[in-house]
Amino acid sequence: MVCTAAARRASLIERALVLVALGACAPAPEREALTRFSRAAEARTSPDEVSLDGSLDAYVARAALGSPSVRAAFARWEAATHRTRGARRWPRPTLSYTVALGAMPFRERQRVGLMMPIPWPAQLRTGATSAASMADAEAHRVAAELLTLRREIAVGYWGLWLIDRRAATVQERAALLSGVVEVVRARLATGNASLAELQQLEVALARLADERASLDSQRHRIGAGLRALLALDAEHALPVADALPALTDLALSPAALREAAMTRPDVQVYEELARAAEARADAADARRWPGLVVGLDWMDMRNLNVGHDDGFMLGLAISLPVDVATLRAERAAARAEERAARADGESRALRARADVDATLADLEDARRQVRLYERTLVPQVEAAHASSLGAYAAGRLPLASLIAAQQELVSLRLALDEARARFALGWARLEEVTGRPLEAGSDSAFDSGAGSASGSASASGTGSASASASGSGSEAGSASGSRAGSASRPGSTSGSGSTSGAGSASGSGSTSGSGSATGSASGSGGSATGLGAGSGSESGFEVRTEVGR
């Protein structure tokens, strides 16, 4: 493997040196094309030198060097670059030889002639311009291929990341259900649980095991596609970092992104194709002029009485453009190709601008969903799930309700991870449609503005009470019972009520600003549920436990 890498590096170095040597004696368009390619060739290294450390950038760097599609595009660029050298070549000279076969006393015995067509400078210039534009078009195709490859790598990478997150969530739920199974078995021994509850839990665990196996199959499928992009064997590991994708802001405005998309590589391809067609049309115009041919003849004149044995003659000829109609048709065809290329480029540019708007919409929608799940939905369901566990352990909640609460929590966590992955993929897609890597602005950390939070708990017993209140960062309630008391917490939250026995309450709300909250409580155990929403500079979630007398 080391020998192969060394041989590849030596081959690339030799190729770059040859291209630089050719460019030193080449005219301007060819020299510029050769210089661009030689720099790109020098920058390419062996893919074995890039290790996969679990980051997306490492995958992209490895694919840029080892992907067959990129290597094919790079080879086409190399071929087009070499063609620029032959685009300015002169016509081949003609060397002739004539010898007399019989006695010819009054003619020369043999003759050697050399004829050289002299092209017009415009013919050489237009041919070189067309070839250089074709080489530049291939260079832009390489850049477009790299951008597409980066997006495809991101799809596979974040697909693996999402599967790993789902597997962790499924494993966590299986652990929770396993703990509930132990509780049910203990209750079953004392007659406080039924066999149907235990069977229901075992069915849920079997479904989780099946889902875990399905995730393994999906990871193998996505990994196979990712290895194909990277040209890796089936045994090569595909590590993925556990870090969450950052919800970063864009450093460029939407208007700047649209402007960048109008000049992305796949749009520039058609601009270069149009320039090449324009040069071909100019070349057809240049060939409509008569051509010049210079000739030099040497004659053996020993049979002639001229005082010397040989002689030279200089001749001049003109090639007549008798194919003017054909040249006119070539010019018309080249102009039509130019118009077609510019129209294709305009269509691709308009599509690029639309792609930017669509991708920005998807990106902001993913950002909105992540904020909604992280700020509101997941905390609410986590609170409800915690209350459900406590209520089930106390025998106040049926098993079906506990399983439903767990399923709701798992679904929201999976949806949160999907929204995060959608944001990361939207970022990669935006880089593809704008045609350049994008720099991040400031981190989109959750601001301290308006927000909401909620929590819930449930209990069963004797007696019930409910209360609702609204105000500026306050929460109030009243109930009747055998005890009255008060409690306070930050944010000027106060409440009065009466309970008997021991109970727990969970809730969430805001500690400053304005908002409203509603709450309900039931049972002599003193359990209460609350749901609060408001706006302010700080929001949080808390769980309280009260023990009444």
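In this chain, numbering begins with 1 at the start of the sequence shown.
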Check your understanding: Looking only at atom types and distance, does a side-chain atom of Ser38 sit under 3.5 Å from a main-chain N or O of Thr35, one as donor and one as acceptor?
Key -> yes
Practice item. Could you tell me whether the side chain of Ser387 and the main chain of Ala383 form a donor-acceptor pair under 3.5 Å? Key: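 Here the side-chain-to-backbone pair exists.
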Starting at [atom1] of [X], measure out to [atom2] of [Y] and round the result to the nearest 0.5 Å.
X	Y	atom1	atom2	value
Ser69	Leu229	OG	CG	7.5 Å
His82	Leu34	NE2	CG	8.0 Å
Leu363	Leu430	CG	CG	6.5 Å
Thr81	Glu32	OG1	CD	12.5 Å
Leu176	Leu389	CG	CG	6.5 Å
His140	Tyr270	NE2	OH	13.0 Å

Considering all heavy atoms of both residues, which atom of [X] and which atom of [Y] are nearest to each other, and what is their separation?
X	Y	answer
Pro68	Ala228	CD-O, 4.4 Å
Asp417	Arg165	OD1-NH2, 3.1 Å
Val269	Ala137	CG2-O, 3.6 Å
Thr84	Ala135	CG2-CB, 4.1 Å
Ala246	Phe423	O-CE2, 3.3 Å
Arg420	Pro245	O-CG, 3.5 Å

**Study point:** All pairs passing salt bridge (charged side-chain N to carboxylate O under 4.0 Å, His left out) where residues 146-164 contributes a residue, at least two apart
**Key:**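 Residue pairs passing salt bridge (charged side-chain N to carboxylate O under 4.0 Å, His left out), neighbours aside: Asp57-Arg150, Arg150-Glu431, Arg151-Glu432, Asp164-Arg219.
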Is any side-chain N of the basic residue among [X] and [Y] closer than 4.0 Å to the acidic one's carboxylate O?
X	Y	value
Arg166	Glu418	yes
Arg185	Glu202	yes
Arg141	Glu145	no
Arg413	Glu382	yes

Exercise for review: Check step by step if side-chain contact (heavy atoms from CB on, under 4.5 Å) holds for Val240 and Ile163.
Suggested key: CA-CA 11 Å; Val240 176; Ile163 287 178; over 6 Å; no
Exercise for review: Take Asp136 and Glu271, measure what side-chain contact (heavy atoms from CB on, under 4.5 Å) needs, and give me the verdict at the end.
Suggested key: CA-CA 10 Å; Asp136 290 342; Glu271 179 64 25; over 6 Å; no
Review point. Looking at Tyr392, is Arg187 sitting on its ring face, NZ or CZ under 6.0 Å from the six-membered ring centre and within 45 degrees of the normal?
Key: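 Cation-pi check for Arg187 and Tyr392: passes.
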Considering only distance and modelled atom types, tabulate donor-acceptor pairs under 3.5 Å from the side chains of residues 254-264, sequence neighbours left out.
residue: Arg258; atom: NE; partner: Asp357; partner atom: OD1; Å: 2.7
residue: Arg258; atom: NH2; partner: Asp357; partner atom: OD1; Å: 3.2
residue: Thr263; atom: OG1; partner: Ala260; partner atom: O; Å: 3.2
residue: Arg264; atom: NE; partner: Asp266; partner atom: OD1; Å: 2.7
residue: Arg264; atom: NE; partner: Asp266; partner atom: OD2; Å: 3.2
residue: Arg264; atom: NH1; partner: Val433; partner atom: O; Å: 2.9
residue: Arg264; atom: NH2; partner: Asp266; partner atom: OD2; Å: 3.2

Residue [X] excluded, over 12 heavy atoms near [atom1] under 6.0 Å:
X	atom1	result
Gln171	CD	no
Asp53	CG	yes
Arg342	CZ	yes

Exercise for review: Start with the C-alpha gap between Thr359 and Thr434, add the side-chain angles, then the distance that decides, and say whether side-chain contact (heavy atoms from CB on, under 4.5 Å) holds.
Suggested key: CA-CA 10 Å; Thr359 307; Thr434 55; over 6 Å; no
Name every donor-acceptor pair, under 3.5 Å, that has one atom in a side chain of residues 207-217 and the other anywhere in the protein, sequence neighbours excluded.
residue: Arg212; atom: NH1; partner: Asp216; partner atom: OD1; Å: 2.6
residue: Ser217; atom: OG; partner: Ala213; partner atom: O; Å: 3.3

Review point. Of all residues at least two apart in sequence or in a different chain, which pass the salt bridge (charged side-chain N to carboxylate O under 4.0 Å, His left out) check with Glu408?
Key: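 With sequence neighbours excluded, Glu408 shows a salt bridge (charged side-chain N to carboxylate O under 4.0 Å, His left out) to no residue whatsoever.
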Check your understanding: Tyr59: what forms a ring-ring contact (aromatic ring centres under 6.0 Å, His included) with it, not counting sequence neighbours?
Key ->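 With sequence neighbours excluded, Tyr59 shows a ring-ring contact (aromatic ring centres under 6.0 Å, His included) to Tyr157, given in chain and number order.
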Point to revise | Under the ring-ring contact (aromatic ring centres under 6.0 Å, His included) test, residues paired with Trp158 that sit two or more places apart | key: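 By the ring-ring contact (aromatic ring centres under 6.0 Å, His included) rule, Trp158 matches Trp161.
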Test item: [X] and [Y] side chains (from C-beta on) under 4.5 Å apart, heavy atoms:
X	Y	result
Val60	Leu149	no
Ser178	Glu182	no
Arg429	Asp362	no

Practice item. Determine, step by step, whether Glu42 and Arg39 satisfy the salt bridge (charged side-chain N to carboxylate O under 4.0 Å, His left out) criterion, reporting the C-alpha distance in whole Å, the side-chain angles of both residues, the deciding distance to 0.1 Å, and the verdict. Key: CA-CA 5 Å; Glu42 291 173 356; Arg39 290 176 180 173; over 6 Å; no
Exercise for review: Please work out whether the ring planes of Trp77 and Phe74 are parallel, tilted or perpendicular, with thresholds of 30° and 60°.
Suggested key: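 Perpendicular, since the angle between the ring planes exceeds 60°.
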Point to revise | Evaluation steps, side-chain contact (heavy atoms from CB on, under 4.5 Å), between His236 and Leu52 | key: CA-CA 10 Å; His236 204 289; Leu52 299 180; 3.8 Å; yes
